[in-house]
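Heavy-atom basis, side chains included; hydrogens, waters and symmetry copies ignored. Residue numbers count from 1 along this sequence. Numbering of ligands and ligand atoms starts at 1, following listing order.
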Amino acid sequence: MTTTSTPAPPHAPHASAPRLLGEPVGVDLARHVAAFGPLPAQHGVKRGHAGPLVAEVERSGLAGRGGGWFPTGRKMQAVVAAAHSARKDPVVVVNAMEGEPAASKDSVLVHRNPHLVLDGAVLAAQAVGASVAYVVAHRGGRSVGTLERAVEQRAARGGDPVELRVLAAPARYVASEESALANFVGEGIGLPVTVPPRVFESGVRRRPTFLSNAETMAHIALVARRGAAWFREVGDPAQPGTMLVSVSGAVANPGVIEVPTGTTMRQILGLAGGTTGPVSAAVTGGYGGSWVSASAAIDLPWTPDGLRPAGGTPGAGVLAVLPSESCGLVETARVVQWMAGQSAGQCGPCRFGLTAVSQDFAALAAARLKGTGLAGLEKRLGIIPGRGACRHPDGAVRFAASALEVFADEVKRHLSGHCSAGRRTYVLPVPAGTVTLPVDRPGEEWR
Ligand SMILES: Cc1cc2nc3c(=O)[nH]c(=O)nc-3n(C[C@H](O)[C@H](O)[C@H](O)COP(=O)(O)O)c2cc1C
Ligand code: SF4
């Protein structure tokens, strides 16, 4: 595989001032209002009709930052229409779960500017006609306490025009999938439910639900204050604005950075202090996203359309960089085992299919896959997508399939009993205690 190295430029490129992370004010509401202005009043909101903010969000071109990049204004419109035809009050849910192990953008955002997220939730609720907004974060994570303190500050200063409730959901990956999150808010069970109907039609307690990522909500708060034209001033015209990227792996300064959409991987790596050495590939979007070859993706713009030629996606804003001396198949085997373990076990193709994929991948990574093993793995990868109640298996399969493509040369080596990697530590994080592999590589014992 071609390797790529990006030393930090003398002056890292800052194409625009950060919008979400620029002025970190924490839970202090007075400082938040001083930095961003008060919660804008929404005029002309009529019960059963979309408030003017919905059209403004549509004009802004904001697309959801939770992974799917679905147009946010269109989703809000759909919630209002569903509520109107069902004659039910809609509900708003903020997804601050950050289920992706390689992501930290939402918790960083919540820590630095929780009121932007809460403002977005309140404004979105008013705009779609909801009287309550739930903000849900992982149980045991630091976001829950921060959000609770921020809500207390708001209550002490007179409260909000809609009710804000902070909930702590189980710290499981699939609990942050939208149907699972709506199920948790409504019934206290963080398991996905079969879709359709999608949550915009029938979510929390069967009410139309506007469920969006924490970063998306923060962007809504800024669109409400500064308008669609301001939002479109930076970023790619098709998917404008800024985005948060959680950068990890072989970079000098891992962390969360805010960049205009359309920024290239080379520029993002420059902002993260450059790579620590030659790199071969990167995970884009998260573990439900895909691997890209570093040389193929290095100068592509970070948007869904822009990364497509290399098979990548900005997804949930994850960029995890693999050093050349690491084995992408071993890294993938660990992640796939974690993904298989995250199945809620409700659907056969997910429960049994992902387990089989994980076992095949472990054998491939250990250079023990024999005979027709690779063909069997590829066949499984072809039949699993679209057969679960939720998209979890689709994401796991996409990730595994992208590894076979991006590390095709390494696959050949492993099939003949060899591995070219020299590195002994792992790059991609998996939550502690969830993965039993280290995968043993040829000539290497379990460690
Ligand atoms: C297994 C799985 C896990 C997910 N985890 C998250 C998450 O942690 N945070 C999030 O915002 N979206 C997550 N999503 C996506 C959500 O289902 C949903 O599409 C998103 O919250 C919508 O927000 P957006 O429109 O602002 O992008 C996950 C999806 C799947 C399939
Ligand atoms: S597809 Fe998997 S994670 Fe999703 S509901 Fe079915 S078993 Fe659970």
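For the salt bridge (charged side-chain N to carboxylate O under 4.0 Å, His left out) criterion with D360, the lone passing option out of R380, K379, R368 is R380. With H115 as the partner, the side-chain contact (heavy atoms from CB on, under 4.5 Å) test is satisfied by one option alone out of L29, V25, D28: L29. Considering N253, V251, V259 in turn, V259 is the only one that fulfils the side-chain contact (heavy atoms from CB on, under 4.5 Å) rule with L271.
The side chain of K75, and not its backbone, has at least one atom closer than 4.0 Å to an atom of ligand 1 (non-hydrogen atoms only; side chain from C-beta on). At a heavy-atom distance under 4.0 Å, only backbone atoms of R65 (N, CA, C or O) approach ligand 1. Residue contacts with ligand 2, taken as heavy atom pairs separated by less than 4.0 Å, involve P393 solely via side-chain atoms from C-beta onward. The parts of N213 lying near ligand 1 are both backbone and side chain, judged by heavy-atom distances below 4.0 Å. In Q346, the parts holding a heavy atom less than 4.0 Å from any atom of ligand 2 are both the side chain and the backbone.
When hydrogens are left out, the protein atom nearest atom 16 (C) of ligand 1 is E178 N, 3.8 Å; that is the closest non-hydrogen contact. Given atom 2 (Fe) of ligand 2, the protein heavy atom at minimum distance is C350 SG, 2.3 Å. What sits closest to atom 6 (Fe) of ligand 2 on the protein, heavy atoms only, is C347 SG, 2.2 Å. In terms of protein heavy atoms, atom 2 (C) of ligand 1 is closest to E177 CB, 3.8 Å. If you check which protein heavy atom lies closest to atom 4 (C) of ligand 1, you get S176 OG, 3.6 Å. Ranking the protein heavy atoms by distance from atom 27 (O) of ligand 1 puts G66 N, 2.8 Å first.
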Would you sort out whether E56 and R59 count as a salt bridge (charged side-chain N to carboxylate O under 4.0 Å, His left out), showing the intermediate values?
CA-CA 5 Å; E56 195 66 11; R59 277 192 290 274; 2.5 Å; yes

Stepwise, does the side-chain contact (heavy atoms from CB on, under 4.5 Å) test hold for R391 with E177?
CA-CA 8 Å; R391 295 271 176 85; E177 183 275 336; 5.7 Å; no

Please assess V185 against L211 for the test side-chain contact (heavy atoms from CB on, under 4.5 Å), listing each intermediate value before the final yes or no.
CA-CA 11 Å; V185 172; L211 186 149; over 6 Å; no

Report the C-alpha separation of Q359 and Q337 in whole Å, then their side-chain angles, then the decisive distance to 0.1 Å, and conclude whether the side-chain contact (heavy atoms from CB on, under 4.5 Å) test is met.
CA-CA 8 Å; Q359 286 164 351; Q337 194 194 38; over 6 Å; no

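Close approach to P192 involves these atoms of ligand 2, each under 4.0 Å from a residue heavy atom: 5 (S). The contact set between ligand 1 and E98, taken as ligand atoms under 4.0 Å from a residue heavy atom, comprises 8 (O). Against a heavy-atom cut-off of under 4.0 Å, A389 is close to the following atoms of ligand 2: 1 (S), 5 (S), 6 (Fe). Applying the 4.0 Å criterion to heavy atoms of G99 picks out, from ligand 1, the atoms 7 (C), 8 (O). The V174 neighbourhood of ligand 2 comprises atoms 3 (S), with distances under 4.0 Å to a heavy atom of that residue. Atoms of ligand 1 lying under 4.0 Å from at least one heavy atom of S212, given by number and element, are 23 (O), 24 (P), 25 (O), 26 (O). Near S343, meaning under 4.0 Å from one of its heavy atoms, ligand 2 places the atoms 2 (Fe), 7 (S).
With a 6.0 Å cutoff to the six-membered ring centre and a 45° limit on the axis angle, R334 counts as a cation-pi contact of Y426. Both tests do not hold together for R232 against W230: distance to the six-membered ring centre under 6.0 Å, angle to the ring axis within 45°.
The shortest side-chain heavy-atom distance between R387 and P393 does not fall under the 4.5 Å cut-off. Proximity of W291 to F399: side-chain heavy atoms (C-beta onward) are separated by under 4.5 Å at one or more points. Residues Y287 and V318 are not in side-chain contact: their nearest non-hydrogen atoms beyond the backbone lie 4.5 Å or more apart.
In the model, S107 has a side-chain atom that pairs as donor or acceptor with a side-chain atom of E98 under 3.5 Å.
One option in A344, G353, G348, G388 has a heavy atom closer to atom 8 (Fe) of ligand 2 than any other, and that option is A344.
In terms of polar-atom proximity, defined here as any N/O pair under 3.5 Å, Y173 makes no such contact with ligand 1. At least one N or O atom of N95, backbone or side chain, sits closer than 3.5 Å to an N or O atom of ligand 1. For the pair D106 and ligand 1, the shortest N or O to N or O distance does not fall below 3.5 Å. Taking only nitrogen or oxygen atoms, main chain and side chain alike, W69 does not reach within less than 3.5 Å of ligand 1.
Among all heavy-atom pairs drawn from G241 and R19, the shortest one is CA-NH1, 4.0 Å.
Residue contact annotation: C390 places an N/O/S atom under 2.8 Å from atom 4 (Fe) of ligand 2. Here H392 does not reach atom 6 (Fe) of ligand 2: none of its N/O/S atoms is less than 2.8 Å from the metal.
One N or O on the side chain of N95 and one on the backbone of M97 form a donor-acceptor pair closer than 3.5 Å.
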